[in-house]
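Per chain, numbering begins at 1; letters A, B, ... match sequence-line order.
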Amino acid sequence: MNFKLLSREQLAKRAAAELRPGMYVNLGIGIPTLVANEIAPDMNITLQSENGILGMGPFPETGFERADLINAGKQTVTLLPGAAIFSSADSFAMIRGGHIDLTILGAMEVSEQGDIANWMIPGKMVKGMGGAMDLVAGSPNVVVVMQHCAPDGSPKILKQCKLPLTGKKCVKKIVSDRAAMVVTDEGLIVTEIIPGLSFEELQACTEARLIKSPEGIRPLNP
Amino acid sequence: MSSAHRSKLIDSALEAIADIDDGATLMVGGFGLCGIPEHLIEALRIKGVKNLICISNNAGVDDFGLGKLLQTGQIKKMISSYVGENKTFEKQFLSGQLEVELTPQGNLAERIRAGGAGIPAFYTPTGVGTVIAEGKETKIFDGREYVLERALKADFALIKAWRADPHGNLQYNMTAMNFNPMMATAAKVTIAEVEELVGEGELNPLAVHTPGVYVKRLLLGRSYEKRIEQRTVQPRL
């Protein structure tokens, strides 16, 4: 097998291709946060942070950080011109009410029905779900960015999630370091695979049953 | 300004929390360390009240925020959405000393809002099909399943605002708003600590975030530490 898995930055770049002009978007912690670096300014994307920001900007320059202005990861951030600030109740009304067009987040497991597990591993310290359950339940478009397999090679894209769920039937698309897949009622339709990896090889490292896109499979290029 | 309004002002944090006793249920504002009532928390530590039930999005860090009250073993139970930043918390939780009810962040915000707005319960899509919904009523509306969540109320709400007028009208600063406005509405007694007091009529009525009706006691806090949890910066251009 002669292929190269997408790096974190390449995954973020590919995930950014899911953005459409004018979207309001919430980015989760980890690789999804890196998507912010890949957004073209003319896309007119507004980033939401669930602790109460629309119009979140980059990290402040040294000396301009303020304790009263943080993102959902508790990092100091800035506001872009035209930003708005609101309470946690308003923020989640916005999320639950379906007003945030797109949520991009990481996952430990995803099932072929679009179930997602990303908040707890039984037997390990449980830190909490934060806003993840609200985001996946409320967002009309949930895109998961993840490693296709665990470090030991075991599949993370499954027929049924084994870990406790964050949400049921909510993921619309999976972008992994090996392939891009759309979740449909029939199952996972593969639309892109990294160069050098065959559909059969992809299926071999995926527990969920994969379907070839009728429009053909494009190379997953970062 | 009437004397009734003037009397909301309390001289010290210890006086402001004087009637908080062992076993009280408290709402404590803030997201991470942002917008937390740091003087009121310190007063609780000094008073030494025990077996507290704290409703707060997070549990502070080891030596700041609610982490201070965990270190002294004053908290019996936390109702929170994310508690990952605190080793004391982890130790007490794993040993069974501390009870934890994890609640999705949006549910937590809405349960508090409902508690203050006279709504005993509400249906939400959050958590359907997960452990959060186990044992709770569910119902289908327009073809989608929702789970019934109960409102939250407390004996006291300890909140942090930027400034207040003598009526207890409050304004928050930036994302230090977070859970504070809902918590201000959902307790029998709301105690607000602020960085600045302004005179009657000095707040634009349209720009009041929390109307004074919700605020029973006001404390002017001095020398705020306002610790930053994750200082992320980029070099000056």
Just how far is it from atom CG of Leu152(B) to atom CZ of Arg113(B), taken to the nearest 0.5 Å?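 Interatomic distance, Leu152(B) CG to Arg113(B) CZ, rounded to 0.5 Å: 13.0 Å.
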
Region of [X] that comes under 4.5 Å of a non-hydrogen atom in chain A:
X	value
Tyr224(B)	neither
Asn107(B)	both
Ser80(B)	neither
Glu225(B)	neither
Val83(B)	both
Met177(B)	side chain
Arg231(B)	both

Is a donor from one side chain sitting under 3.5 angstrom from an acceptor on the other, for Glu50(A) and Asn26(A)?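 Side-chain D/A pair, Glu50(A) to Asn26(A): present.
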
Between Arg20(A) (side chain) and Ala17(A) (backbone), is there a donor-acceptor pair under 3.5 Å?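 It does hold such a pair.
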
[Y]/[X] salt bridge by N-O under 4.0 Å criterion:
X	Y	answer
Lys87(B)	Glu90(B)	no
Glu101(B)	Lys77(B)	yes
Asp68(A)	Lys160(B)	no

